[in-house]
Amino acid sequence: VQLQASGGGLVQAGGSLRLSCAASGRTLSNYAMGWFRQAPGKEREFVTAVSSSGGSTYYADSVKGRFTISRDNAKNTVYLQMNTLKLEDTAVYYCAATIGGITTNEFRYAHWGQGTLVTVSS
């Protein structure tokens with residue numbers, strides 16, 4: 001499955017952005033999906049994940065209550081709604097797919113998008 005992330009950009013602190021991850025090649029309904037991010041000079045970290053059905057979600061503590069992951073299997077797309085953005089949310093955001101169950105472990109995700117840059121300014 002090929003993944004294409006989009007929706008990144010420059011936003012002021014406190015603002016919102018919605019990222020999209022569109023899949024091609026195979027239907028996303030068989031995959032659990034995750035979003036990860038990598039800030040400058042830091043390792044990639046888990047942000048959120050959703051099960052193949054959309055019935056289960058996981059969130060990193062740093063984004064809980066501010067970010068929401070969702071999926072539309074009919075459109076083969078996963079979304080990340082980011083509200084109340086903070087300076088520390090600045091990073092390249094990657095979507096990823098795993099045929100296994102929902103997980104926070106990046107090494108279990110076999111398919112990755114190219115990343116989309118989110119920059120939060122003061």
Side-chain angles (χ1 to χ4, degrees):
V1 60
Q2 291 78 47
L3 303 175
Q4 178 78 35
S6 62
L10 176 64
V11 62
Q12 285 192 322
S16 299
L17 276 178
R18 188 177 81 156
L19 306 183
S20 299
C21 177
S24 60
R26 293 195 177 180
T27 178
L28 267 188
S29 61
N30 296 325
Y31 295 84
M33 299 295 297
W35 285 96
F36 295 79
R37 67 186 181 186
Q38 187 167 20
K42 295 187 177 181
E43 293 186 351
R44 189 161 59 189
E45 64 176 1
F46 169 78
V47 176
T48 181
V50 60
S51 62
S52 57
S53 67
S56 296
T57 55
Y58 294 164
Y59 291 94
D61 288 343
S62 58
V63 307
K64 206 170 289 184
R66 300 188 298 121
F67 290 12
T68 302
I69 189 171
S70 62
R71 63 189 302 156
D72 186 339
N73 285 340
K75 294 183 177 180
N76 242 20
T77 302
V78 175
Y79 304 98
L80 178 61
Q81 178 65 44
M82 304 185 295
N83 298 329
T84 319
L85 282 160
K86 303 177 180 180
L87 297 179
E88 53 263 41
D89 294 320
T90 295
V92 177
Y93 284 72
Y94 299 89
C95 59
T98 177
I99 199 68
I102 184 173
T103 178
T104 64
N105 186 344
E106 65 175 294
F107 298 107
R108 292 183 58 187
Y109 287 84
H111 309 280
W112 291 82
Q114 85 290 358
T116 185
L117 176 62
V118 173
T119 304
V120 184
S121 65
S122 59

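Counting all heavy atoms, side chain and backbone alike, Q81 lies closest to S16 at NE2-CB, 3.9 Å. Nearest heavy atoms, S29 versus S52: O-CB, 3.3 Å. Of all heavy-atom pairs between A32 and G100, the closest is CB-O, 3.7 Å. For the pair N105 and T103, the tightest heavy-atom approach, listed with the atom from each and the gap, is N-OG1, 3.0 Å.
Annotation: side chain to side chain donor-acceptor pair (under 3.5 Å) contacts of S56 (sequence neighbours excluded): none. Q4 pairs by the side-chain contact (heavy atoms from CB on, under 4.5 Å) definition with Q114, not counting sequence neighbours. Residues satisfying the side chain to side chain donor-acceptor pair (under 3.5 Å) criterion with R66, sequence neighbours excluded, are D89. By the salt bridge (Lys or Arg N to Asp or Glu O under 4.0 Å) test, R44 pairs with E106, sequence neighbours left out.
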For S62 and R37, what are the C-alpha separation, side-chain angles and deciding distance, and is it a side chain to side chain contact (heavy atoms under 4.5 Å, CB included)? CA-CA 12 Å; S62 58; R37 67 186 181 186; 3.5 Å; yes

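Y59 belongs to a hydrophobic cluster whose remaining members, ordered by chain and number, are V1, L3, V11, L17, L19, L28, Y31, M33, W35, V47, V50, V63, F67, I69, V78, L80, M82, L85, L87, Y93, I99, V118, V120; membership requires side-chain heavy atoms of ILVMFWY residues under 4.5 Å apart, directly or through intermediates. The other members of the hydrophobic cluster of I102, by chain and number, are F36, F46, Y58, V92, Y94, Y109, W112, L117 (side-chain heavy atoms under 4.5 Å, ILVMFWY only).
Around the CD atom of Q12, the shell of radius 6.0 Å holds no more than 12 heavy atoms that belong to other residues, nucleotides or ligands. No more than 12 heavy atoms of other residues, nucleotides or ligands lie within 6.0 Å of NZ in K42, so this atom counts as exposed by the packing criterion.
No donor-acceptor pair closer than 3.5 Å links the side chain of N83 to the backbone N or O of G65. T98 contributes a side-chain N or O that, together with a main-chain N or O of R108, makes up a donor-acceptor pair within less than 3.5 Å.
Separation of atoms CZ (R71) and OG (S53) is listed at 7.5 Å; rounding is to 0.5 Å. Once rounded to the nearest 0.5 Å, the distance linking OG of S70 with CZ of R18 reads 7.0 Å.
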